[in-house]
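Just below is one structure, and these are the notes that go with it.
First listed ligand is number 1; within each ligand, the first listed atom is number 1. On a predicted model such as this, the values are computed, not experimentally measured, just so you know.
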Amino acid sequence: MFSFAPPTPESAPIWFVAADGWEAVKASIGVPAVAFAERCGFKPKPGRLQLVPGEGGALAGVLFGVDAPDAPGRDPFAPGKLATSLPEGVYHVANPPADVGLAALGFLLALYRYDRFKAEPTQKPRLVAPAGVDADRIERIAAAVAFGRDLVNAPANVLGPDALEHAAVKLAGHFDAAVRMVRGEELLGANFPLIHAVGRAAAESPRIVDFVWGRDDAPKVTLIGKGVTFDSGGLDIKPASGMELMKKDMGGAATALTLARLVMETGLDVRLRVITPIVENAISGPAMRPGDVIVSRKGLTVEIGNTDAEGRLILADALALADEDAPELLIDFATLTGAARVALGPDLPPFYTDDDALAAAIAEHAVRARDPLWRMPLWRAYGAMIDGTVSDVSNSGTGAGMAGSITAALFLKRFVEKAKSWVHFDVYAWNPKARAHGPAGGEIQAARALFDLLTERYPKR
Ligand code: BES
Ligand code: ZN
Ligand code: ZN
């Protein structure tokens, strides 16, 4: 499905045409094709698509306008548009555009649709892998991103805690990872009081899924993802507008699982651990209340300033667990704050770390993979905003919403001590609008950049 087509003599050529490349393409497609394209008003402008007829009603090829390689703001995924506009059939690249690997990835990513509940899945064109790209790697990335997008797009009645647990366990099983699960009341005995407190009001029990993969003495890399299958806000209930998209509040878990799938499929040389705290933030008699104080796994006492700041609560217990075996690299992903969107918008997730070298490497891979990420500061002085009134720390604090993404990150930091490096991603996990490389809806952010970084650091042995 998210794979390239096998080469075939029947495939139709796609010519990528930048303004200054039109004359060269003209020379290779022949006089009648040029005459037809110009008759149709084709201009070599970015995004312009022109089918060129062959003999007997056949398709001789396709012209697709692209930016010059050095154009500012050029979108290397722009050829993804072909996946949604070409007629069904097989195509090949006649003249590779700049960043042909990203162009091919853009095409595969753009094939994605959440069509599980649609009567008729749409017919799609297929592309032969262009020469010189790492076709296997591109296919693996496209399939993993589709897996993650499916999790985010699944409505909360379809993907509640049971189903999200099932997805994580199935992934772990596929790669023979060792899985541990703790559910419901057992969370108290196993010392996950915050996960229990957030999830205990829901019909499906709160839980934690923890799996380990890879050789024991490889470097320890641990991923954590916020798995809130629906965030009503709890007793501090969200308004309708704020609740509308909250099926995606497990986007962090989807991101962690997507990255884990890539790491395991590729066989990177790490001892990978993936921890997914899973809850629904619901309302019923046992719901946690504003003002409640809970002793966390780590022993820090946490005051519930706002029941809608539930993500940092479940992450706190998960981070404390992860920190106990002092991983070399601890990464968490979470749709944690509205404030991150206010600061940077939907397409540029902030990340937080005290490790400057790691931050530089992440920023560099984000640019190279075209998976945008932006470092924000763990501004220590703002720590005072989350002091508890009767406890060690509050989950909302006194900042009146100021620096909300930073204070959330500072809250998480309180639960990490032994990990050599820790980085937190406040992702949105959603495309408000369709883009060249994917439809509106669930999106996986940061996983591609991190996969590149991990591949470079821990190559397959
Ligand atoms: N899941 C939300 C954050 C969110 C909202 C992410 C919208 C993406 C889009 C989170 O649990 C939340 O509600 N956070 C509150 C925290 C506040 C109560 C301290 C927020 O950001 O408003
Ligand atoms: Zn919330
Ligand atoms: Zn939430």
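- When only interatomic distances are considered, the shortest N/O to N/O separation between Ser396 and ligand 1 does not fall below 3.5 Å.
- Classified by interplanar angle (parallel below 30°, tilted 30° to 60°, perpendicular above 60°), the ring pair Phe425/Phe333 is parallel.
- Below 3.5 Å of separation, one finds no N or O of Ala309 facing any N or O of ligand 1.
- At least one cation-pi condition fails for Lys124 and Tyr112: the charged atom is not both under 6.0 angstrom from the six-membered ring centre and inside a 45 degree cone around its axis.
- In summary, an N, O or S atom of Lys226 is located under 2.8 Å from the Zn ion (ligand 3).
- Other residues, nucleotides and ligands place no more than 12 heavy atoms under 6.0 Å from the CZ atom of Arg380.
- Nearest N/O/S atom of Asp249 with respect to the Zn ion (ligand 3) is recorded as OD2.
- For Asn306, no nitrogen or oxygen atom sits less than 3.5 Å from a nitrogen or oxygen atom of ligand 1, counting backbone and side chain alike.
- The proximity of Asp231 to ligand 1, defined as any non-hydrogen pair under 4.0 Å, is limited to the side chain.
- In terms of protein heavy-atom proximity, atom 15 (C) of ligand 1 is closest to Asp308 O, 4.1 Å.
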Identify every side-chain donor-acceptor pair in residues 341-348 under 3.5 Å, counting partners at least two apart or on other chains, and give the distances.
{"from": "Arg341", "atom 1": "NH1", "to": "Thr337", "atom 2": "O", "distance (Å)": "3.3"}
{"from": "Arg341", "atom 1": "NH1", "to": "Asp426", "atom 2": "OD1", "distance (Å)": "3.2"}
{"from": "Arg341", "atom 1": "NH1", "to": "Val427", "atom 2": "O", "distance (Å)": "3.4"}
{"from": "Arg341", "atom 1": "NH2", "to": "Asp426", "atom 2": "O", "distance (Å)": "2.7"}

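- Neither the backbone nor the side chain of Met243 comes within 4.0 Å of ligand 1, counting heavy atoms alone.
- Using a 4.0 Å cut-off to heavy atoms of Lys248, the atoms of ligand 1 that qualify are 8 (C), 9 (C).
- Here Lys226 has side-chain heavy atoms under 4.0 Å from ligand 1, and that is the only part of it that gets that close.
- Closest approach between the Zn ion (ligand 3) and any N/O/S atom of Asp231 involves OD2.
- The angle that Asp308 OD1 and Glu310 OE1 make at the Zn ion (ligand 2), rounded to 10°, works out to 120°.
- Checked by distance only, ligand 1 and Lys238 come closer than 3.5 Å through their nitrogen or oxygen atoms.
- Within ligand 1, the atoms closer than 4.0 Å to a non-hydrogen atom of Glu310 are 11 (O), numbered from 1 in the order shown.
- Against a heavy-atom cut-off of under 4.0 Å, Thr335 is close to the following atoms of ligand 1: 1 (N), 2 (C), 3 (C), 6 (C).
- Surrounding CZ of Phe175 are more than 12 heavy atoms belonging to other residues, nucleotides or ligands, all under 6.0 Å away.
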